Amino acid sequence: MAAVRVRQHVNPLGKKYQTPASPLKWEKIYVEPNQPLHLDIGCAKGVFLLNMSKIEPNWNYLGLEIREPLVVEANKLRSELGLTNLHYLFCNVNNSLHSLLSCLPSGSLQRVTIQFPDPWFKTRHAKRRVVQPELVADLANYLAVGGVVFLQSDMEFIAVEMRDRFAENPAFEKIGTGEWLTENPLIVPTEREIGTQKKGEPVYRALFERVKIDTLRSKDTLDS
C-alpha cells in the first residue's frame with residue numbers, strides 16, 4: 001500500500017465531520033450482498049480487513065475510517081486486487097452508523113471489530129472517543145443475534161471503558177470468565193497488535209455476543 005501522509009488524530013467533533021454518510025446501495029458494493037458482514041470501525045489503512053477478505057471470501061467486509069486519504073488509497077488497492085467482498089468508507093461513525101446499518105439486509109451484520117481506537121487521553125476530550133453509549137445502542141439494534149463484537153486496545157483505560165459500555169447494554173453478553181481474553185479469536189492480527197506484542201507490551205481484549213434480551217430477562221428471573 002502506498003504511503004499516505006495524514007494527520008494521526010482527527011477530531012470527530014470538528015465541523016468537517018458533522019455530515020452523516022448517506023445510506024449505501026449494498027448490491028452495488030458487493031457481488032454477493034447477502035453474505036454475512038464484518039464491520040471494522042476505525043480501519044485505518046485497511047490492511048487487517050484486506051487480509052481477512054482474502055481468507056474468508058464468503059464474508060463481506062466494510063471498513064469505516066474518518067481519515068479520507070486512507071480510505072481512497074485502501075479502495076484503490078482493493079480494486080487493483082479485484083476483491084469484490086471488501087469496501088472502505090470515509091465517515092464519522094458516531095453520526096453515520098445508524099444511517100448505514102438501517103439499510104442493511106436483515107441479519108447480515110454478524111461481526112464487528114473496534115481495535116486500538118484513538119484514546120483521546122484528556123478527560124475533556126472523552127466525547128471524541130469512538131465507543132460512546134449511542135454507538136453501542138446502534139450496534140445492539142442491528143447486529144444479528146449470535147453476532148459478536150471484538151474489542152482490543154493497548155491502553156488499559158480505553159479497553160476498560162469500551163468493555164464496560166458494552167457490558168452495560170443488556171443486548172450484549174461478555175464471552176469468557178477472565179477479565180481479558182489472552183488470545184485474539186480472529187485469524188488475522190492488526191499491524192498495531194503485532195507491533196505492541198513485539199515490544200512485549202500487553203493488549204487488552206474483550207469479546208461480546210449479541211443475545212436475545214428476553215433470554216437475559218428470563219435468566220435474571222430464575223437467578224432471583
Side-chain angles (χ1 to χ4, degrees), residues 1-10 12 17 20-93 96-97 99-118 130 139 142-144 147-154 183-198 203 205 207:
M1 182 174 292
V4 181
R5 296 187 65 180
V6 296
R7 293 183 61 184
Q8 184 173 358
H9 305 293
V10 173
Y17 305 105
S22 300
L24 296 173
K25 295 185 182 299
W26 301 99
E27 68 278 5
K28 293 185 177 181
I29 292 175
Y30 302 115
V31 170
E32 299 289 344
N34 292 314
Q35 290 189 151
L37 178 68
H38 176 152
L39 174 67
D40 189 37
I41 295 175
C43 65
K45 296 179 181 179
V47 176
F48 162 74
L49 278 194
L50 183 74
N51 291 327
M52 288 289 290
S53 68
K54 292 178 180 178
I55 295 171
E56 294 183 337
N58 58 328
W59 280 72
N60 289 331
Y61 291 88
L62 177 64
L64 304 183
E65 174 57 46
I66 199 170
R67 292 168 292 179
E68 190 171 15
L70 295 182
V71 173
V72 171
E73 287 300 316
N75 275 326
K76 180 181 177 182
L77 179 58
R78 182 258 351 249
S79 297
E80 290 173 353
L81 295 174
L83 297 170
T84 60
N85 64 331
L86 174 63
H87 185 71
Y88 302 98
L89 181 69
F90 160 64
C91 73
N92 177 355
V93 67
S96 298
L97 192 61
S99 63
L100 292 173
L101 299 185
S102 62
C103 61
L104 266 177
S106 179
S108 60
L109 181 60
Q110 295 189 25
R111 190 162 63 206
V112 178
T113 46
I114 307 174
Q115 305 181 83
F116 305 93
D118 194 327
V130 67
L139 291 177
Y142 294 106
L143 185 64
V148 296
V149 177
F150 177 55
L151 312 168
Q152 64 173 338
S153 176
D154 51 357
E183 300 290 338
N184 186 336
L186 301 178
I187 53 179
V188 174
T190 71
E191 293 175 288
R192 178 69 172 264
E193 182 180 1
I194 293 170
T196 299
Q197 292 181 317
K198 281 183 177 180
V203 176
R205 308 180 180 94
L207 185 66

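All values derive from a computational prediction rather than experimental measurement. Numbering of residues begins at 1 and proceeds along the displayed sequence.
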Undergrad: Run the side-chain contact (heavy atoms from CB on, under 4.5 Å) test on L143 and L39 for me, step by step, so that the C-alpha distance in whole Å, both residues' side-chain angles and the decisive distance to 0.1 Å come before the verdict.
TA: CA-CA 10 Å; L143 185 64; L39 174 67; over 6 Å; no
Undergrad: Would you say that more than 12 heavy atoms from the other residues, nucleotides or ligands in this model lie under 6.0 Å from the CD of E183, or not?
TA: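 Open: at most 12 neighbouring heavy atoms sit under 6.0 Å from CD of E183.
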Undergrad: Do Y61 and Y30 come close enough that some side-chain heavy atom pair is under 4.5 Å?
TA: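 No, their side chains stay 4.5 Å or more apart.
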Undergrad: Rounded to the nearest 0.5 Å, what's the gap from CH2 on W26 to CG on L37? Could you check?
TA: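 Atom-to-atom, W26:CH2 and L37:CG are 5.5 Å apart.
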Undergrad: Applying side-chain hydrogen bond (donor to acceptor under 3.5 Å, both in side chains), name anything that partners T113, two or more places apart in sequence or on another chain.
TA: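 In terms of side-chain hydrogen bond (donor to acceptor under 3.5 Å, both in side chains), with neighbours along the sequence ignored, T113 is linked to H38, D40.
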Undergrad: Short question: side chain of S99, backbone of A21 - any donor-acceptor pair under 3.5 Å?
TA: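 Flag set: sc S99 to bb A21 pair under 3.5 Å.
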Undergrad: Out of curiosity, L49 CG to H87 NE2, how far, rounded to the nearest 0.5 Å?
TA: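 Here the interatomic distance stands at 11.5 Å.
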Undergrad: Could you measure the distance from the OG1 atom of T196 to the CD atom of Q152? Nearest 0.5 Å is fine.
TA: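 The distance works out to 8.5 Å.
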Undergrad: Going by distance alone, is a donor N or O of one side chain under 3.5 Å from an acceptor N or O of the other, for E193 and N184?
TA: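 There is such a pair (donor and acceptor under 3.5 Å, judged by atom type) between the side chains of E193 and N184.
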Undergrad: Heavy-atom distance under 4.5 Å between the side chains of V148 and V112, does that happen here?
TA: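 No; the side chains remain at least 4.5 Å from each other.
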Undergrad: Inspect the contact between E65 and R67 and indicate whether a charged nitrogen and a carboxylate oxygen are less than 4.0 angstrom apart.
TA: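 A salt bridge is present here (some side-chain N lies under 4.0 Å from a carboxylate O).
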Undergrad: Got a donor-acceptor contact below 3.5 angstrom from the N92 side chain to the Y17 backbone?
TA: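 Checking the backbone N and O of Y17 against the side chain of N92, a donor-acceptor pair under 3.5 Å is found.
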Undergrad: Could you tell me whether the side chain of E73 reaches within less than 4.5 Å of the side chain of K45, counting heavy atoms only?
TA: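 No, too far: nothing below the 4.5 Å cut-off.
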Undergrad: Could you walk me through whether V31 and N85 satisfy the side-chain contact (heavy atoms from CB on, under 4.5 Å) test, starting with their C-alpha distance in whole Å, then the side-chain angles of each, then the deciding distance to 0.1 Å, before giving a yes or no?
TA: CA-CA 7 Å; V31 170; N85 64 331; over 6 Å; no
Undergrad: How far does SG of C43 sit from CG of L70, to the nearest 0.5 angstrom?
TA: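 That separation rounds to 8.0 Å.
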Undergrad: Under the criterion side-chain contact (heavy atoms from CB on, under 4.5 Å), I'd like the reasoning laid out for L97 against L64: C-alpha separation, chi angles, the key distance, then a yes or no.
TA: CA-CA 9 Å; L97 192 61; L64 304 183; 4.3 Å; yes
Undergrad: Could you tell me the separation between the CG atom of N60 and the CG atom of L86, rounded to the nearest 0.5 Å?
TA: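 Reported to 0.5 Å precision, the distance equals 9.5 Å.
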Undergrad: Evaluate the side-chain proximity of Y88 to V72: yes if any heavy-atom separation is below 4.5 Å, no if none is.
TA: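 Heavy-atom side-chain distance check fails, nothing below 4.5 Å.
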Undergrad: Does Y142 reach the side chain of L100, with side-chain heavy atoms less than 4.5 Å apart?
TA: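 With C-beta onward as the side chain, the pair stays apart.
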Undergrad: So, do L89 and V71 sit near enough that their side-chain heavy atoms are less than 4.5 Å apart?
TA: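 No; the side chains remain at least 4.5 Å from each other.
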Undergrad: Does the S96 side chain pair with the main chain of P20, one donor and one acceptor, at a distance under 3.5 Å?
TA: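 No; judged by distance alone, with no hydrogens or angles, the pair does not exist.
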Undergrad: How would you list, by chain and number, every residue that makes a side chain to side chain contact (heavy atoms under 4.5 Å, CB included) with Q110, sequence neighbours excluded?
TA: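 With neighbours one apart ignored, the set is P36, W59, A144.
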Undergrad: Could you tell me if the side chain of Q115 sits less than 4.5 Å from the side chain of L151, heavy atoms only?
TA: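 No, too far: nothing below the 4.5 Å cut-off.
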Undergrad: Enumerate the salt bridge (Lys or Arg N to Asp or Glu O under 4.0 Å) contacts for residues 103-117, please, sequence neighbours excluded, ordered by first and then second residue.
TA: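 Residue pairs passing salt bridge (Lys or Arg N to Asp or Glu O under 4.0 Å), neighbours aside: E56-R111.
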Undergrad: CD/E32 to OG1/T84 distance, rounded to the nearest 0.5 angstrom?
TA: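 Here the interatomic distance stands at 8.0 Å.
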Undergrad: Is there side-chain contact between I41 and V130, with at least one heavy-atom pair below 4.5 Å?
TA: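 Yes; the side chains approach each other to less than 4.5 Å.
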Undergrad: Okay, side chain of S108, backbone of L104: is any donor-acceptor separation there less than 3.5 Å?
TA: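 Such a contact is absent between S108 side chain and L104 backbone.
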Undergrad: Step by step, work out the side-chain contact (heavy atoms from CB on, under 4.5 Å) result for V149 and L207.
TA: CA-CA 6 Å; V149 177; L207 185 66; over 6 Å; no
